[in-house]
Amino acid sequence: MAGEEDIARITGGDTDPNLEETYMLGFIIANIVGTRHYSGRISGRQNVGLVREPLNRYDSNAIKVLNTRHHQVGNIERSVAAVLAPLIDDNSIKIEGIVPNNKKGGNFYKIPCQIHVFASGLEMDRVYNEIVDGGLQLIRTDEMGIGVSEAAVVKEGVVDDGKRLDEVFKGVEEVGKLEVMEAPREVVKSELFLHQKEGLGWLVGREREGVLPPFWVEKSDGLFVNEVTKFETRQRPEAMCGGIFADDMGMGKTLTLLSLIALDKFGSVDSGVCSGRNAGSSVVDKGCEESNVFGGKKSNLFGGKNTKKRKGGKMVDNVKKKQKGKGGLKSEGLSVDNVVDYVISRSTLVVCPPSVFSTWITQLEEHTNPGKLKVYLYYGDRTNDPMELTKYDLVLTTYNTLGSEDSSESPAFRVNWLRVILDEAHIIKNGNAQQTRAVNKLNAKRRWVVTGTPIQNGTMDLFSLMVFLRYQPFANKSYWNTLVQRPIDIGDKIGLSRLQAIVSTISLRRTKDRDLTGLPEKIMEICYIDLSAEERELYERMEGEAKSVVQDYITANRVTSNYTTVLSIILRLRQICTDVALCPTDLFASLSTGNIEDLTNNPELLTKMVAMLEDGEDFDCPICISTPTNIVITRCAHIYCKSCILKTLKCAKPCCPLCRHELSESDLFFPPPEVSNVTEVPSSSKSTKVSALLKLLSISRDQDPARKSVVFSQFRKMLILLEEPLKKAGFKILRLDGSMNAKKRAQVIKDFDVPGPDGPTVLLASLKASGTGVNLTVASRVYLLEPWWNPAVEKQAMDRVHRIGQTKEVRIVRIIARNSIEERILELQEKKKRMASEAFDRKGGLKDQREIKIEDIRTMISL
DNA sequence: ACCGCCGGGTGCC
DNA sequence: ACCGCCGGGTGCC
């Protein structure tokens, strides 16, 4: 659709060969200005869309800022836009925006925004110079210690992409309990199989109106929050009707879909399908208006004026849109069509390859009573009247028919279908822009993608899929790039796991042979966490120490004789990743403040700072986009983390990233103790990892209160530390550790068998505590708090749960601190696995897997 | 009076 | 909008 092209064009698009390998060059902090003039609001930390407006009448360099709902928030301040716009326009860079949490920090007229700048590897220097020469302060991410490792994996990530995309559906199979739904027997004369009834129930459920779309939650105060974008609104978001139906081939998808279509006509009164339909046009059309932000033509046409007659699918509207001039409209994402007539229809359009026509026809003949469903085969040339198409319950057409037509002429595009189904959608090959564009032009609230093969690379690309499904905010190119594409490109695993989450919430995929294997599936997941700023600071210092100590030993060739010292330093690093409380308390006693004054002698600044902090609202350091640690205020009254601003001042012409005033270390001030105390009090007693675990467990409990989980840690103290917060969160827990005698252990395991939610649902276990015979198959979730040094030990832990007798799908979640020794331990695990298979072939060459070599130590502390 | 300074008008792009 | 910036009014102390 127009909007998609618009953004693609504006940000350089994905297919531009010059930008195939882009790196994050760094970021600029710029103000969003003019917020008074627009309705779009921003609350909390949020990604924003940055869209070029070459035809802005005041400034051809203009870059507008959109919030998650595509409402304009403002513009990027002129001076910054002036530098960036030419680089964007000649495809030298792509940009993405993120706004820090700033409920009260900035003033009302402008909002700071981090603009992330991406450029191809070859262009980095040129682009860097142009930005800096343009007077902007480009904060290099590598200087902040974020970018280096990302850059290093770029190549690998890209090469690997296709294979890894195959895994998209890995997370889908946990279907949980599906509601069974019967097909209307007036139409469907065959009895459906159980899985088909479940499939039908799922389809109906996904078309239900009034259900919040994925990732939206309703807060108690009537506020709706999108968990991905943090966008908040009081207006209830429209349901997302449809999804991806990806059962294996031969499971009867077509019949299930026919049953769904039959329900349109013969559904029981109380079924969810009907509520949407009976509520009539207002519901459906409002949905169109809301969800199709870029499809301006539709929202313009239907907005608020569809109380007209509508019986039997009559013509409803005939509004002429003024053509404001081609370019102008395009840049606004509007259609350039002169006149568009829409016909409201209650029929379903099925788009499929010609070979699948016969499947539909055969299924109709075999399983439905004759004459109950009226079908029309549409090749595009038999009628020019959209009304004709609405007379049928089912219109079958092909991708080629749609792709080769002129959309403004074709009646298929002038019908507002009840439902559009893309059958065997994988035949739309990646890059088939014509067909992709055509299907995206189809109008329907209910949109389905049906495929018998897993979504993978080479299929209609996933972004187009999001666009087709109107799956906001992922159907917006900039959000898609920020949230999914970019992380995948740079090899960040969060990209793939997000993708899995995004896809799985709207997908149903069941395989024919899933009951043939003895054991239910075991799904491995990694939950990455980012250490809090405090933890990070401790970690960095510890790692610095580790590096220098180990380096000294290495140069002195005395590593082996100091093995325990080295291992204990590594142990500390690992402990910090899990919970700083695991370390001896005196370890980090000394805290140097450097030579930054406090504010006691600077009353005006003090007043400002107090004013900002007093309002109590948390706000983010605009550099690291998280709650500031060691708060520092600049002479120009902007607030940062001490370490963030110090790093950015290490450039050629140091200035404040927010207002670009010249700045040196002597312009930085600490708040006086009593002020800083106010903000430091809420510093968490729970570690980041513990909080993450709690969250995961709560989510799991919400899904299934009876579900049982086992949490493994190798630190006994950790198991004990977990008890309080878990109990506080309402979990019934048990602990199994090495200090218990055999009898006690057996009792714990027996107690764990009592079914939840009345029985215990979480078992805190240390690996050593239990012999190989322990059976924990009552649980179906495993959380590994730390990566185990030896992968075989991890496997052992999982096998306690995933073993004969397990009837449920098992999900194994490893909680890993990003950019830490833990990530490197994962790498080493992979290496070990490879080596293990090699060592096995080479007889006699079996090396001790437990041995930690100097090289491994170097890897772990990235020396 | 080709400056400095004052204070009112003003406010995205 | 408690700022910055612009441009007109003004002009010793």
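Both backbone and side-chain heavy atoms feed into the values below; hydrogens, waters and symmetry mates do not. Every chain is numbered from 1, with letters handed out A, B, ... down the list of sequences.
Note that A:R140 lies in the cation-pi zone of A:Y128, set by a 6.0 Å cut-off to the ring centre and a 45° limit from the axis.
Put simply, NE2 on A:H638 is 13 Å from P on C:dC3, counting in whole angstrom units. Going from atom NZ of A:K64 over to atom C1' of B:dC13 covers 11 Å, rounded to whole Å. Between the NZ atom of A:K110 and the P atom of C:dC2 there is a distance of 14 Å, rounded to whole Å. Rounded to an integer number of Å, the gap from NE2 of A:H37 to P of B:dG11 is 8 Å. For the pair A:L658 CG and C:dC3 P, the computed distance is 17 Å after rounding to whole Å. The nearest whole Å value for the distance from the CZ atom in A:R78 to the P atom in C:dC5 is 15 Å. Regarding A:Y58, its OH atom lies at a distance of 13 Å from the C1' atom of B:dG11, rounded to whole Å. A:I111 places its CD1 atom 14 Å from the P atom of B:dC13, with the value rounded to the nearest Å.
The backbone N or O of A:I506 sits nowhere less than 3.5 Å from a side-chain atom of A:Y471 that would complete a donor-acceptor pair. Between the A:E53 side chain and the A:L55 main chain, no donor and acceptor come within less than 3.5 Å of each other.
Between B:dG4 and C:dG11, the two C1' atoms lie 10 Å apart (nearest whole Å). With both ends at atom C1', the span from B:dA1 to B:dC5 equals 12 Å, rounded to whole Å.
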Next on the checklist: One pair to check against side chain to side chain contact (heavy atoms under 4.5 Å, CB included): A:F463 and A:T436. What are the steps and the verdict?
Outcome noted: CA-CA 11 Å; A:F463 174 68; A:T436 305; over 6 Å; no
Could you list, one pair per line, each protein nitrogen or oxygen that sits under 3.5 Å from a nitrogen or oxygen of nucleotides 8-10 of chain B, together with the distance?
none

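Using the Watson-Crick or G-U wobble rule with both distances under 3.5 Å, B:dG9 pairs with C:dC5.
Listed by chain and residue number, nothing satisfies the salt bridge (Lys or Arg N to Asp or Glu O under 4.0 Å) test with A:R498 (two or more places apart in sequence, or in another chain).
The distance from atom CD1 of A:I93 to atom CZ of A:R126, rounded to the nearest 0.5 Å, is 9.5 Å.
Looking at A:K642 and A:E537, no side-chain N of the basic residue comes within less than 4.0 Å of a carboxylate O on the acidic one, giving no salt bridge.
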